[in-house]
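Please read the structure below before turning to the comments.
Quantities reported herein were computed from a predicted structural model and do not represent experimental measurements. Side chains included, hydrogens not; waters and symmetry mates left out as well; all remaining heavy atoms used.
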Amino acid sequence: MSDVAENTPETAENSSPEVPQTSGSQSVLSDNSIKAENESFKENSEDANDVVVEIPKKPASAYVTISIFCCMIAFGGFLSGWDTGTIGGFLAHPDYLRRFGQHHKDGTHYFSNVRTGLVVSIFNIGGLIGCLVLGDLANRIGRKMALVAVVIIFMVGLIIQIASINKWYQYFIGRIISGLGVGAISIFSPMLLSEVAPKHLRGTLGSMYQLMVTMGIFLGDCTNYGTKKYSNSVQWRVPLGLSFAWCLFMIAAMFFVPESPRYLVEVGKVEEAKRSIATSNQVSIDDPAVQAEVDLISSGVEAERLAGNASWVELFSTKGKNIQRLFMCCMLQCLQQLTGCNYFFYYGTVIFQAVGMKDSYQTAIVFGIVNFASTFVALYVVDRFGRRKCLMWGAAAMVCCYVVYASVGVTRLYPDGIKHKDTNSSKGAGNCMICFSCFFIFCFACTWAPICWVVVSESFPLRIKPKGMALANGCNWFWNFLISFFTPFITGAINFYYGYVFMGCMVFAYFYVFFFVPEMKGLTLEEVNELWEDGVLPWKSPDWVPSSRRGADVDMDAFQKDDKPLFKKMFGRK
């Protein structure tokens, strides 16, 4: 028995079956739309005079097992990253070009901007469709089995791509189907991570998804570099074939990781939910804190069950602040792509070539190393400094990068600011741009890359979570498509001025996070729901305390109103 149990002997009766809603007085779990229906439910809980039983925090070494499980869950991101890392190299492989490219009159092969955009970017359209069509699968068959199902869909797409011989549209169809699977994975992996990770590690373990994405990109780049020496279909079929090994690993891993305790409670498997919570938090299944956590989840599930099945229309309701949450998550996912990360991965090769690095495979590996290594920093900062600070500082740092990158590119890289056929570039200017390209990737990988997935996975109440995440992540895939498809056209027209566009987006992102994104560090998912329902101003949310840990002297009006001028809100002291 843990020390918590010894210090609070009165909690023994809290775990009794006769008091199933022991946590109703600690947090507001229901949507505003059903508060009236649950009034008597909450009053009964308030009369119980319950004692809050917190799951004890343990040294980091105690969470090795759940960290490994979260890596397995997050491995879905590796599949997405692997595709991103390999497809760019395929376009440069001679065999791939001969089979799926177009012909000049002299017999040489090439990819037009349109076909390049379609082959690369249609994967993102598949991801968008997968989010919208398959998003509710997690509520029907569970998070783990949903991941197994969509990985199989991804494998079907792989088979179609590998079987392609010389018809580009067959390969095109295979990428759409693979995109369907990966789009759904982008919902289910972060969702399961957020629901099984201990609350004080949710940001760190939730960031594992992006870490796996960057690892997939890096290893995909390395694989392309290793197969480029071949002159046949080994160049591209081997990387695609390796994807099967990653898929089989992902499927096997799902039989070892814990299922979401929130899903288990929802389907009536309370004992399994207890085991899941105990496994995640490294405590005994008989610990009173486990029962308290189950009761907290049960009260939320019961409140949502009284409201009936969630509909798509409910996402756009102001009750429970659903539409505010949806808009915030959609905006963050759009802004993640509008950071210009894909612009660097697509256009950075040109900058490297300007200073003598002619091998595009080496260029991709350099970016991949920086991207992958930097994501490890995010595992520390997201729960150390919180979501808001990381997003705002990340946006500010990327603005600085763009100011230098775009200004040097426009004024110093070429003598008259325009590249001509025989124009030599400035090596010093090129080195400066490479340095700030890598610094940009560092800032992005530490902040916006992982944290957007974390915030989206923890913002929605359980009843609308799959649908809300589907729309939000769909926005990410849609903007990913737009950026990757139109970047070759835009950079051809305005060159490095494109950097100023992304700079403006990051200025907007800084202010948007300050005014609209609340801090959710250290809160359970039920407490996050309470935070939203209490109407706490985002810039005051870091000091907000849930009702279960709140003293009688707390002035809630101070968290809901602020009459300070704009300048003092942003830069004034508390």
Are side-chain N/O atoms of D383 and T204 paired as donor and acceptor at under 3.5 Å?
-> yes
For K465 and L525, what are the C-alpha separation, side-chain angles and deciding distance, and is it a side chain to side chain contact (heavy atoms under 4.5 Å, CB included)?
-> CA-CA 11 Å; K465 191 171 188 176; L525 297 181; 3.8 Å; yes
State, yes or no, whether a side-chain contact exists between P261 and V196 at a heavy-atom distance under 4.5 Å.
-> yes
Atom NZ of K540: over 12 foreign heavy atoms under 6.0 Å | yes
Examine F372 together with F376 and report whether their ring centres are nearer than 6.0 Å.
-> yes
Assign the ring pair Y96 / F90 to parallel, tilted or perpendicular, where the plane angle (0 to 90°) is split at 30° and 60°.
-> tilted
Pair S541, E519: side-chain N/O donor-acceptor within cut-off below 3.5 Å | no
Taking the side chain as every heavy atom from C-beta outward, state whether E526 and R262 have any pair of such atoms under 4.5 Å apart.
-> yes
Hey, does F218 have a side-chain heavy atom less than 4.5 Å from the side chain of I369?
-> yes
So, for F440 and Y405, is the gap between ring centers shorter than 6.0 Å?
-> no
Hey, what do you get for OG (S457) to CZ (R202), rounding to the nearest 0.5 Å?
-> 7.0 Å
Check the surroundings of atom OH in Y512: do more than 12 heavy atoms from other residues, nucleotides or ligands lie under 6.0 Å from it?
-> yes
Distance flag, aromatic centroids of F502 and Y498, threshold under 6.0 Å | yes
Between F75 and F78, is the ring centre distance below 6.0 Å?
-> yes
Is any side-chain heavy atom of C446 closer than 4.5 Å to a side-chain heavy atom of I451?
-> no
Sub-3.5 Å donor-acceptor pair from the side chain of N224 to the main-chain atoms of T86, do we have one?
-> yes
Working for side chain to side chain donor-acceptor pair (under 3.5 Å), residues Q161 and S178 | CA-CA 9 Å; Q161 292 176 66; S178 292; 3.0 Å; yes
Say you draw a straight line from CG of L391 to CG of L335; how long is it, rounded to the nearest 0.5 Å?
-> 10.0 Å
Roughly how far, to the nearest 0.5 Å, is the CZ atom of R143 from the CG atom of L137?
-> 10.5 Å
Between R387 and E458, is there a side-chain N and carboxylate O pair less than 4.0 Å apart?
-> yes
Please tell me if the side chains of W544 and E530 come closer than 4.5 Å, counting only heavy atoms from C-beta onward.
-> yes
Within a strict 4.5 Å, meaning less than it, do heavy atoms of the F511 and M392 side chains meet?
-> no
To the nearest 0.5 Å, how far apart are CH2 in W477 and CZ in F123?
-> 5.0 Å
Basic-acidic side-chain contact under 4.0 Å: E259, R275 | no
Could you state the interatomic distance from CE (M250) to CE (M155), rounded to the nearest 0.5 Å?
-> 12.5 Å
Find out whether M331 and F508 are in side-chain contact, i.e. whether some heavy atom of one side chain is under 4.5 Å from a heavy atom of the other.
-> yes
Is atom NZ of K57 surrounded by more than 12 heavy atoms (other residues, nucleotides or ligands) closer than 6.0 Å?
-> no
Side chains of C443 and M398: does their closest heavy-atom pair fall under 4.5 Å?
-> yes
Yes or no on side chain to side chain donor-acceptor pair (under 3.5 Å) for Y500 and S407, after CA distance, side-chain angles and deciding distance?
-> CA-CA 9 Å; Y500 291 126; S407 298; 2.9 Å; yes
Between S243 and W82, is any side-chain donor less than 3.5 angstrom from a side-chain acceptor?
-> yes
For Y497, look at atom OH and say whether over 12 heavy atoms of other residues, nucleotides or ligands are found less than 6.0 Å away.
-> no
Test log, rule side chain to side chain contact (heavy atoms under 4.5 Å, CB included), inputs F436 and V408 = CA-CA 10 Å; F436 277 89; V408 171; over 6 Å; no
Candidates N124, T84, T487, N480 - the one meeting side chain to side chain donor-acceptor pair (under 3.5 Å) with N342 = N480
